[in-house]
Amino acid sequence: MFIFENGHFNKSEIIKINDDEKQIIFTSAENKQLLEWLKSKNLPEHFFEDISNEDQSVGYDDWGDIKLITVKYIFFQEDEFLLSDEENISILKMENKLIFLSDDTDVLIEISKKFQKRIKTTDGINSAIYKVLDILVDNAMLMIDVIDESLESLEDDILIDEVDEENIQKNIYNTRRTLNRIAKLFIQETDVINKIYHDLPLKTKKLLKYEFADLKEHAKFLINESKALLDRTGYLLNVHMGILSNRMNQAMQRLAAISLIFLPLTFIVGNYGMNFDNMPELHNKYGYFIVTIVNILVASGIFIWLKKKKWI
């Protein structure tokens with residue numbers, strides 16, 4: 001866990017919560033010391049269910065002296081290209097306390113490191129909330145940039161003759177799922193950002209007016225860009241399926257052309273394979289050579305005709 005107090009950011013195994021000091025804490029929702037301290041605040045049982053529930057939806061809850069803000073940290077899975085995963089982050093806001101809870105240690109460490117670079121000793125609790133929300137938004141914007149570049153590569157790959165078609169379809173599917181999730185999350189988080197801002201004291205609102213306006217603008221950009229890229233993946237999927245269909249048609253056309261060449265040859269050979277006694281050509285000394293030459297001429301003529309038609 002990490003604690004920011006008295007202008008210093010420290011890693012500590014033990015939380016010493018001092019009600020009179022400003023503290024910003026990053027820890028697990030199962031931390032016993034924290035839970036005991038929260039229980040002393042006479043909070044209802046379902047409050048503790050909310051902070052420990054990994055499937056808790058994005059939202060803003062007012063519990064009197066404690067505000068519970070639930071957001072999602074979205075990131076790419078390590079084993080699936082362009083497929084996203086997400087982790088719940090519960091933010092407990094009090095008069096001089098800000099507590100970030102997550103069951104994923106790696107997520108806590110990553111956010112706390114970014115937060116440490118941005119936080120100033122003069123920043124208050126409300127400013128600290130803005131900076132964490134800004135970290136979440138910036139992280140999603142980086143994901144959008146990666147997806148945008150990946151779609152450029154996918155578009156080039158689709159036009160290559162020898163390509164892993166299954167892999168392309170899988171990547172497009174993963175991208176669509178991720179973009180759809182980002183758009184939905186930030187529609188919800190925009191509402192949370194608005195509620196946080198409207199709940200601020202008037203003086204703090206004036207101080208953080210432009211910061212929260214910028215935050216909402218970035219969230220709006222994420223929603224619009226996700227939807228635009230989602231439309232683009234639909235276009236790429238249609239292009240990919242169109243190219244596959246065109247390649248299949250070309251293959252069928254070649255097969256039809258080959259069949260067209262051998263069909264008359266099969267007819268000729270089939271006629272002379274009947275072996276009737278009254279077939280004049282059957283006893284002809286040069287019959288075999290004549291039929292062979294006729295076959296070659298017929299096949300060559302059909303081949304030249306198909307070539308002119310650009311079937312082969």
Closest non-hydrogen atom pair, [X] against [Y]:
X: Ile135; Y: Phe115; value: CD1-N, 3.5 Å
X: Tyr73; Y: Glu110; value: OH-OE2, 2.8 Å
X: Lys97; Y: Gln23; value: CE-OE1, 2.9 Å
X: Val137; Y: Ala219; value: CG1-N, 4.5 Å
X: Asp134; Y: Arg118; value: OD2-NH1, 2.8 Å
X: Ala183; Y: Ile223; value: O-CG1, 4.0 Å

Run Lys227 and Asp231 through salt bridge (charged side-chain N to carboxylate O under 4.0 Å, His left out) and show every step you take.
CA-CA 6 Å; Lys227 290 179 178 178; Asp231 290 340; over 6 Å; no
Using only atom types and a distance under 3.5 Å, with no angle test, would you say the side chain of [X] pairs donor to acceptor with the backbone of [Y]?
X: Asp65; Y: Met94; value: no
X: Asp148; Y: Ile144; value: no
X: Glu189; Y: Lys72; value: yes
X: Ser127; Y: Gly124; value: no
X: Ser102; Y: Leu108; value: no
X: Asn88; Y: Asn53; value: yes
X: Thr233; Y: Arg176; value: no
X: Asn194; Y: Thr190; value: yes
X: Ser300; Y: Leu297; value: no
X: Tyr197; Y: Lys205; value: yes

Is the number of heavy atoms from other residues, nucleotides or ligands within 6.0 Å of [atom1] ([X]) greater than 12?
X: Glu155; atom1: CD; value: yes
X: Arg181; atom1: CZ; value: yes
X: Lys170; atom1: NZ; value: no
X: Phe48; atom1: CZ; value: yes

Are [Y] and [X] co-members of a hydrophobic cluster defined by side-chain heavy atoms under 4.5 Å apart?
X: Val294; Y: Phe262; result: yes
X: Phe81; Y: Ile182; result: yes
X: Leu154; Y: Leu83; result: no
X: Ile293; Y: Val298; result: no
X: Ile302; Y: Ile268; result: yes

How far apart are the C-alpha atoms of Ile147 and Phe76, what are their side-chain angles, what is the distance that settles it, and do they pass the side chain to side chain contact (heavy atoms under 4.5 Å, CB included) test?
CA-CA 10 Å; Ile147 289 172; Phe76 287 123; 3.9 Å; yes
Kindly compute the distance separating [atom1] ([X]) from [atom2] ([Y]), expressed to the nearest 0.5 Å.
X: Ile89; Y: Ile111; atom1: CD1; atom2: CD1; result: 3.0 Å
X: Leu265; Y: Ile296; atom1: CG; atom2: CD1; result: 10.0 Å
X: Ser84; Y: Leu185; atom1: OG; atom2: CG; result: 8.0 Å
X: Trp305; Y: Ile261; atom1: CH2; atom2: CD1; result: 10.5 Å
X: Leu179; Y: Leu222; atom1: CG; atom2: CG; result: 10.5 Å
X: Asp191; Y: Lys216; atom1: CG; atom2: NZ; result: 11.0 Å

Do NZ/NE/NH1/NH2 and the carboxylate oxygens of [X] and [Y] come within less than 4.0 Å?
X: Lys131; Y: Glu211; answer: no
X: Lys114; Y: Asp138; answer: no
X: Glu36; Y: Lys32; answer: no

Is there a side-chain hydrogen bond (donor to acceptor under 3.5 Å, both in side chains) between Asp199 and Tyr60? Walk through the geometry before answering.
CA-CA 11 Å; Asp199 199 40; Tyr60 181 87; 2.6 Å; yes
Would you call [X] and [Y] a side-chain contact if the rule is heavy atoms closer than 4.5 Å?
X: Leu101; Y: Thr27; value: yes
X: Ile196; Y: Leu133; value: yes
X: Asp103; Y: Glu87; value: yes
X: Leu68; Y: Leu92; value: yes
X: Leu237; Y: Tyr173; value: no

Determine, stepwise, if the pair Ile25 / Leu34 fulfils side chain to side chain contact (heavy atoms under 4.5 Å, CB included).
CA-CA 10 Å; Ile25 302 170; Leu34 177 65; 5.6 Å; no
Test Leu229 against Thr175 for side chain to side chain contact (heavy atoms under 4.5 Å, CB included), laying out the working first.
CA-CA 9 Å; Leu229 291 176; Thr175 304; over 6 Å; no
Mind running side chain to side chain contact (heavy atoms under 4.5 Å, CB included) on Trp37 and Ile99 for me, showing each step along the way?
CA-CA 12 Å; Trp37 182 78; Ile99 303 172; 4.1 Å; yes
Going through the distances and angles, do Glu225 and Arg232 end up as a salt bridge (charged side-chain N to carboxylate O under 4.0 Å, His left out)?
CA-CA 10 Å; Glu225 192 68 9; Arg232 188 176 173 189; over 6 Å; no
Using the six-membered ring wherever Trp is involved, compare the ring planes of Phe47 and Trp63 and label them parallel, tilted or perpendicular (cut-offs 30° and 60°).
perpendicular
Partner of Ile51 under side-chain contact (heavy atoms from CB on, under 4.5 Å), picked from Leu35, Ile91, Thr70, is Leu35
